[in-house]
Participant: 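Got a structure here, written out as structure tokens. Questions coming.
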Amino acid sequence: MKCRKCGGAAVLELRRHNAAFCTPDFLEFFQNQVREAIRKYRMFTRDERVLVAVSGGKDSLALWDVLIDEGYHTTGLYLDLGIFDYSVESKAKCEAFAARRGVELVVSSVAAEVGAPVPVIKDVTRRPPCSGCGLSKRYLMNRVALDLGVPVVATGHNLDDEAATLLGSVLHWQTDALPRQSPALPSTHPRLVRRVKPLYRLSERETAAYAFLKKIDYIVEECPFAKGATSIAHKETLNRLEAESPGAKHNFLLGFLERGRPAFERVEDVVLNECTRCGQVTTGTVCAFCKLSDRVKRSASV
Ligand code: Q46
Ligand code: ZN
């Protein structure tokens, strides 16, 4: 196998691009895909500070790494979910990365903010763990960004994540979710920051290769609550399709973004208010996060 660019020995074959690359040329390919994502969706400028949400996994640390190399002004945000050893280890990976690269990492704890860690929230609400966890993550990312005066949060969602979410929405024709599926969600209220996904053009395999080649030490284990999630089943389905026809995932997602998504866009008629308790955005009077934290604190006091 020879590198498409320089003809040297290739380390990685990318069937969907019908190409193979050596290490330096693969790293450049990876950077170019991120540059293209940022440019195409005007995700952020060099003058803006970017809050990078890191979980300790390969995708978010690869994202932070590439943005630092590209010269962006970044701050990392680690949300401590309190999920047993998984959280202890993933936090240590993020702290070690930040120390190695000499960048700032902010840590916010769900237990401190909600009143209990994710496993307890799950028991109190009797809902799947990802429900309280996802709500808390979205809320805290936005609130920390506002507190720091950062206009944009970047997450490490990759092509596989986005294609699996799209497949789930299409299988159920969730027409409310389809217009929101985008690599860049604009701020629609002064108290909502922009959310962007600069890795949406890169597959999980490619981010794993990047992390490996850049010697990034990340947590390999998934969250213990991820097992059995429908998104994993959707990823497996897409991987089978990809094996049959390389490029299927890429065409599915990028084709949707270019040609499918505009058909589902409509003028949002939801009125956004500020939560009377915390001031964050809600469609009601008190936001879902404040309600959740009330419930958790009430159950702890009985
Ligand atoms: S939502 Fe669910 Fe994740 Fe939270 S409980 Fe774990 S799997 S971490 S991406
Ligand atoms: Zn609130």
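In each ligand, atom 1 is the first atom listed, and ligand 1 is the first ligand listed. Here the structure is a predicted model, which means the values were calculated and not measured.
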Participant: Find out whether the Lys NZ or Arg CZ of Arg46 is both under 6.0 angstrom from the six-membered ring centre of Tyr72 and within 45° of the ring's axis.
Facilitator: yes
Participant: Can you confirm if the aromatic rings of Phe97 and Tyr218 lie within a centre distance of less than 6.0 Å?
Facilitator: no
Participant: Give me the one residue out of Thr165, Asp160, Leu171 that meets side chain to side chain contact (heavy atoms under 4.5 Å, CB included) with His234.
Facilitator: Leu171
Participant: Where is the nearest protein heavy atom to atom 2 (Fe) of ligand 1: which residue, which atom, and how far?
Facilitator: Cys130 SG, 2.2 Å
Participant: If you have a sec, work out which protein heavy atom is nearest atom 9 (S) of ligand 1 and how many Å separate them, to one decimal?
Facilitator: Lys137 NZ, 3.4 Å
Participant: Hey, which atoms in ligand 1 end up nearer than 4.0 Å to a heavy atom of Leu81?
Facilitator: 8 (S)
Participant: With heavy atoms under 4.0 Å as the rule, classify the contact between Glu222 and ligand 1 as side chain, backbone, both or neither.
Facilitator: neither
Participant: With a cut-off of 2.8 Å, does Cys223 place any N/O/S atom under that distance from atom 6 (Fe) of ligand 1?
Facilitator: yes
Participant: Indicate yes or no: does Asp69 engage Arg101 in a salt bridge with an N to O separation below 4.0 Å.
Facilitator: yes
Participant: If you count the non-hydrogen atoms of other residues, nucleotides and ligands that lie under 6.0 Å from CZ in Arg127, is the total more than 12?
Facilitator: no
Participant: With atom 4 (Fe) of ligand 1 as the reference point, say which of Ser131, Ala229, Cys133, Ser90 has the nearest heavy atom.
Facilitator: Cys133
